[in-house]
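Here is the structure we will look at, set down as structure tokens.
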Amino acid sequence: MKSIFAFSTLLALASAAAVPERQVRPAVTAYDGYKVFRVAVKNQVSKVSKIIEQLELETWKAPKAPGALADIVVPPSKVAEFEAAVAGMEVTTMHEDLAASIEQESNFSAYAVGSANATWFNSYHSYNDHLQFLRDLQATYPARSAIVTSGNSNEGRPITGIHFWGSSGKGKKPAVIFHSTVHAREWITTMVNEYLAFNLLTKYDTDAEIKSFVDKYDFYVFPVVNPDGFVFTQTNTRLWRKNRQSNTGSTCIGRDINRNWNFQWSVTGGASTNPCAEDYKGRAASDAPETTNLANFIKSVKSSQGLKLFIDWHAYSQLFMTPYGYSCTARAAKHTELVSLAAGAASAIQAVYGTKFTSGPICSTIYKATGSSVDWANDVGGSEYTFTAELRDTGANGFVLPASQIVPSGVETWAGLRYLLLNIK
């Protein structure tokens, strides 16, 4: 734990330096006057669902079950009608002015080529700067890292990551693979995934424990596995979720890449068949290029060197979860061990700043989700240990998490990962 706080101190000192601001903004004008409300559903699932449907509202969290919390985005033209509809319910305001929150979050710091250092984590960044950061990080450690790609996106962007290894050399040890930003609006996951890579690479020569991790496993870190969607959040619509693939017979765009994997894809109730829905599963399993290419990369790594650990990082809700998503009764082969490890990771995270994560299987912890990367990686991809996590927060900010929380989120997530690396067999 000492190394965690030492690194946190280094980042805090680095953040004290003034960094010039670059004028890069997502299109926020679409959210002028918008508010985000949280409704305690209690036993009124159908009523809240009907309000959302009748007013045609976007949700960050849908009212899926009694006792759930529904996070609902309301345009200015419908605020009064919405407030009247939920009168008497327990309602809190998450964002009084969503456009202002997005604008504040999007104060990207300038990035100077060749400066892959701790100041990177002071702010969020443009997609091109993320690519440059990975190139610069790799160039700093050319003897034990390489830039890798997991095929191309629907619009032809390479799905770019960094591969690094220890004293045994490249490709000689079982692999650890991290995905993030599969849902384009989850910007904190991009930064935290990069934080993990930065921590493991930059401290290899000075921290014996980290050296032991990197000597034991090859790491493949993919910060943005949905690059088309991510770019769209920075140039058009900040809260876009899916990829940018067209749908025959519909004007609606995109597939949910995390409902498109070719395992239990056809099970009902865990994804939508409506192309306009945010969790649209696609017309067929793995018909999104991103899903196909990511799956092929994982299978290639598994075949050549073995796959010890796969984690898909998401936000938000503060959860650390295990397979399965497609069923609340089916159990993974290592169910008991996975659940125990997830609970340990959650405890390790909480020990840093007190941030509470809930742990357990996906279906019973958050909701039913079919065609997910985690279920596929566990049963088809052959990962020995498979997890997914929902990072900060639990709803105060939701997807629009202030940049001031990047470092704390990275520090505590590292604590959870450290627990796993110490305890997986």
Side-chain angles (χ1 to χ4, degrees), residues 1-8 137 141 144-145 161-180 189 191-223 298 301-302 305-314 319-323 332 334 336-353 355 357 359 373-374 377-378 381-391 408-425:
M1 196 63 70
K2 179 180 179 182
S3 63
I4 295 171
F5 289 105
F7 191 50
S8 175
L137 188 59
Y141 304 96
R144 50 186 179 87
S145 66
I162 187 167
H163 172 202
F164 49 95
W165 55 86
S167 57
S168 296
K170 181 179 179 180
K172 301 293 179 60
K173 296 292 184 179
V176 172
I177 298 178
F178 299 150
H179 287 177
S180 57
T189 69
M191 300 302 300
V192 167
N193 209 4
E194 289 170 345
Y195 181 101
L196 300 176
F198 184 84
N199 200 26
L200 287 160
L201 264 170
T202 61
K203 299 183 72 176
Y204 177 84
D205 292 324
T206 59
D207 187 303
E209 184 177 78
I210 284 179
K211 184 178 188 301
S212 72
F213 295 153
V214 181
D215 283 345
K216 190 173 183 179
Y217 304 113
D218 274 30
F219 288 81
Y220 295 86
V221 177
F222 290 92
I298 292 172
V301 168
K302 168 66 177 178
Q305 61 189 106
L307 179 55
K308 178 62 69 171
L309 173 64
F310 173 83
I311 303 180
D312 194 358
W313 303 104
H314 288 264
L319 308 172
F320 213 101
M321 297 177 290
T322 66
K334 288 187 173 182
T336 301
E337 185 180 6
L338 290 172
V339 168
S340 176
L341 286 166
S347 294
I349 290 169
Q350 186 173 0
V352 182
Y353 299 118
T355 309
F357 274 57
S359 64
S373 64
V374 171
N378 189 79
S383 178
E384 293 184 46
Y385 295 90
T386 309
F387 302 93
T388 185
E390 297 277 350
L391 304 179
S409 188
V411 171
E412 67 194 12
T413 303
W414 164 251
L417 174 60
R418 173 180 177 269
Y419 176 87
L420 293 180
L421 294 175
L422 287 170
N423 287 280
I424 59 178
K425 299 173 183 175

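Values in this document were obtained by computation on a predicted structure and should not be read as measured data. Heavy atoms only: backbone and side chains are in, while hydrogens, waters and symmetry mates are out. Position 1 is the first residue of the sequence, and the numbers go up from there.
- Here the side chains of Leu420 and Leu341 are in contact, with some heavy-atom distance below 4.5 Å.
- Scanning both residues, Ala346 and Ser359, for their nearest heavy atoms gives CB-CB, 4.4 Å.
- Within the 4.5 Å cutoff, the side chain of Lys170 has heavy atoms near those of the His163 side chain.
- In this structure a side-chain-to-backbone donor-acceptor pair under 3.5 Å is missing from Thr388 to Met321.
- No donor-acceptor pair closer than 3.5 Å links the side chain of Arg418 to the backbone N or O of Ile210.
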Can you check side-chain contact (heavy atoms from CB on, under 4.5 Å) on Glu337 and Lys425, steps first, answer last? CA-CA 10 Å; Glu337 185 180 6; Lys425 299 173 183 175; 3.7 Å; yes
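- Between the CZ atom in Arg144 and the CG atom in Asp205 there is a gap of 5.0 Å [rounded to 0.5 Å].
- Side-chain contact between Leu417 and Asn199: absent, with no pair of heavy atoms (C-beta onward) separated by less than 4.5 Å.
- Ser212 places a side-chain N or O within 3.5 Å of a backbone atom of Glu209 that can act as its donor or acceptor partner.
- Between Phe310 and Ala377, the shortest heavy-atom distance links the atoms CD2-CB, 3.6 Å.
- With His179 as the fixed residue, the side-chain contact (heavy atoms from CB on, under 4.5 Å) test singles out one of Val374, Ile298, Thr189: Ile298.
- The nearest pair of heavy atoms linking Lys302 to Gly381 is CG-O, 3.5 Å.
- When every heavy atom of Ala342 is checked against every heavy atom of Phe320, the shortest pair comes out as CB-O, 3.8 Å.
- A donor-acceptor contact shorter than 3.5 Å is absent between the side chain of Gln305 and the backbone of Lys172.
- Residues Leu309 and Phe387 meet the side-chain proximity criterion, which asks for heavy atoms closer than 4.5 Å.
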Pair Lys334, Glu384 - check side-chain contact (heavy atoms from CB on, under 4.5 Å), show working. CA-CA 9 Å; Lys334 288 187 173 182; Glu384 293 184 46; 4.0 Å; yes
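- Separation of atoms CG (Asn378) and OG1 (Thr386) is listed at 4.5 Å; rounding is to 0.5 Å.
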Phe164 and Leu137: side-chain contact (heavy atoms from CB on, under 4.5 Å), yes or no, with the steps? CA-CA 11 Å; Phe164 49 95; Leu137 188 59; over 6 Å; no
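- Across Leu201 and Ser145, no two heavy atoms sit closer than the pair CD2-CB, 4.4 Å.
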side-chain contact (heavy atoms from CB on, under 4.5 Å), that's the test. Do Leu422 and Phe213 meet it? Break it down for me. CA-CA 8 Å; Leu422 287 170; Phe213 295 153; 3.8 Å; yes
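- Atom NZ of Lys308 and atom OH of Tyr385 lie 6.0 Å apart (nearest 0.5 Å).
- Using a 4.5 Å cut-off on side-chain heavy atoms (C-beta onward), Val411 and Tyr353 make contact.
- Taking OG from Ser167 and OH from Tyr204, the interatomic distance works out to 4.5 Å, rounded to the nearest 0.5 Å.
- Once rounded to the nearest 0.5 Å, the distance linking CH2 of Trp165 with OH of Tyr220 reads 8.5 Å.
- For the atom pair OH of Tyr141 and CG of Leu200, the computed distance is 11.5 Å after rounding to the nearest 0.5 Å.
- Taking the side chain as every heavy atom from C-beta outward, Tyr195 and Ser409 never approach each other to under 4.5 Å.
- A heavy-atom distance below 4.5 Å is not found between the side chains of Val221 and Glu194.
- Counting only heavy atoms from C-beta outward, the side chains of Asp218 and Val301 never approach each other to under 4.5 Å.
- Remark: side-chain polar atoms of Ser340 are not paired, donor with acceptor, to backbone N or O of Thr336 under 3.5 angstrom.
- Of all heavy-atom pairs spanning Ala197 and Ile162, the tightest one is CB-CG2, 4.3 Å.
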